Chemist: 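This is the structure I have questions about; it appears just below.
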Amino acid sequence: MCIRDRVSHIEHLGIAVKSLDEAIPYWENVLGLTCYKIEEVADQKVRTAFFMLGQTKIELLEATSEDSTIAKFVENKGIGIHHMALAVENIEEQLADASEKGLRLIDATPRKGADDMTIAFLHPKSTQGILTELCEKK
Ligand code: ZN
C-alpha cells in the first residue's frame, strides 16, 4: 500500500472502553465533542459511539458479550486505543494489494462496519503492531 496515493486520512481511531456510559462524558464534557451516533454492530458484539474530531472520528467500542474481541482486549490490555482506521477508495483493490505485499488479512473480503462504512481489518503482526482497519464510505 502506498499511503500517499491511497489513504486520504485517519478515518477513525477505535477505542476500547468498559462502558459507553462511563466513557462518553469524558469526550463530551472534557474535550467538548458531541456524540452523534450510538450504534450496535451485532456480528462484532459491540456497541459503538461516534464523535467527529476534524475529519477524523473517534469510535468508542463497548463489548456486548463476554466473548467479544473488545471484552478480551479490555481484559488483557485495559481500556485504550484498539485500532487505527484508514480511509481508502476501492477497498477491494487495496485489500488485494495489501495481501500481495505480504500483509496478513483478518478479513479476506470487505464487510459492513458501523457508521455506513465498508471495512476490512489487517493483522497487527504484519502492520507494525497496529491493528489496522481499511474503511470506505459506501
Ligand atoms: Zn473501527
Side-chain angles (χ1 to χ4, degrees):
M1 245 183 317
C2 173
I3 291 286
R4 190 178 41 211
D5 294 343
R6 298 182 178 177
V7 178
S8 56
H9 61 286
I10 295 177
E11 209 283 329
H12 64 267
L13 287 178
I15 298 176
V17 303
K18 271 194 185 132
S19 148
L20 290 183
D21 289 344
E22 280 175 28
I24 286 172
Y26 168 75
W27 295 91
E28 290 198 323
N29 302 335
V30 179
L31 296 185
L33 306 179
T34 303
C35 177
Y36 69 87
K37 183 190 262 188
I38 291 182
E39 180 182 352
E40 184 162 343
V41 185
D43 67 338
Q44 289 173 60
K45 298 176 182 170
V46 292
R47 221 158 58 95
T48 59
F50 284 95
F51 305 82
M52 280 314 294
L53 183 50
Q55 63 175 342
T56 298
K57 297 171 195 163
I58 300 295
E59 176 189 55
L60 303 184
L61 300 147
E62 173 196 75
T64 55
S65 158
E66 277 174 19
D67 62 348
S68 160
T69 56
I70 292 302
K72 287 172 196 157
F73 180 89
V74 169
E75 199 180 304
N76 294 330
K77 296 188 175 169
I79 60 173
I81 294 178
H82 175 260
H83 64 270
M84 175 174 73
L86 303 176
V88 300
E89 290 181 0
N90 304 316
I91 190 167
E92 290 85 359
E93 198 180 291
Q94 302 302 338
L95 205 52
D97 193 51
S99 176
E100 226 166 76
K101 289 188 161 80
L103 302 189
R104 266 172 69 185
L105 312 185
I106 292 174
D107 298 298
T109 53
R111 60 190 164 93
K112 192 188 170 314
D115 208 24
D116 306 317
M117 304 298 283
T118 299
I119 65 157
F121 278 95
L122 306 177
H123 199 285
K125 286 216 164 101
S126 63
T127 54
Q128 297 294 308
I130 302 162
L131 177 59
T132 300
E133 177 182 356
L134 303 182
C135 246
E136 185 175 20
K137 190 99 189 158
K138 285 266 168 118

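Whatever order the structure lists them in is the order used to number ligands and atoms, beginning at 1. Please read these numbers as outputs of a predicted model, since none were measured by experiment.
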Chemist: State whether a side-chain donor-acceptor pair under 3.5 Å links Asp21 with Ser19.
Modeler: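 Short answer, no.
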Chemist: Report whether any nitrogen, oxygen or sulfur of Glu133 sits less than 2.8 Å from the Zn ion (ligand 1) (N, O or S, backbone or side chain).
Modeler: yes
Chemist: Are the side chain of Ser99 and the backbone N or O of Leu95 linked by a donor-acceptor pair below 3.5 Å?
Modeler: no
Chemist: Kindly confirm whether the Zn ion (ligand 1) is within less than 2.8 Å of some N/O/S atom in His12?
Modeler: yes
Chemist: Ignoring hydrogens and geometry, is there a side-chain-to-backbone donor-acceptor pair from Glu28 to Cys35 under 3.5 Å?
Modeler: yes
Chemist: Near Leu105 CG, under 6.0 Å, is it more than 12 heavy atoms from other residues, nucleotides or ligands?
Modeler: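 Buried by this count: over 12 neighbours within 6.0 Å.
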Chemist: Roughly, to 10 degrees, what angle do Glu59 atom OE1 and His83 atom NE2 form around the Zn ion (ligand 1)?
Modeler: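 Nearest ten degrees: 90°.
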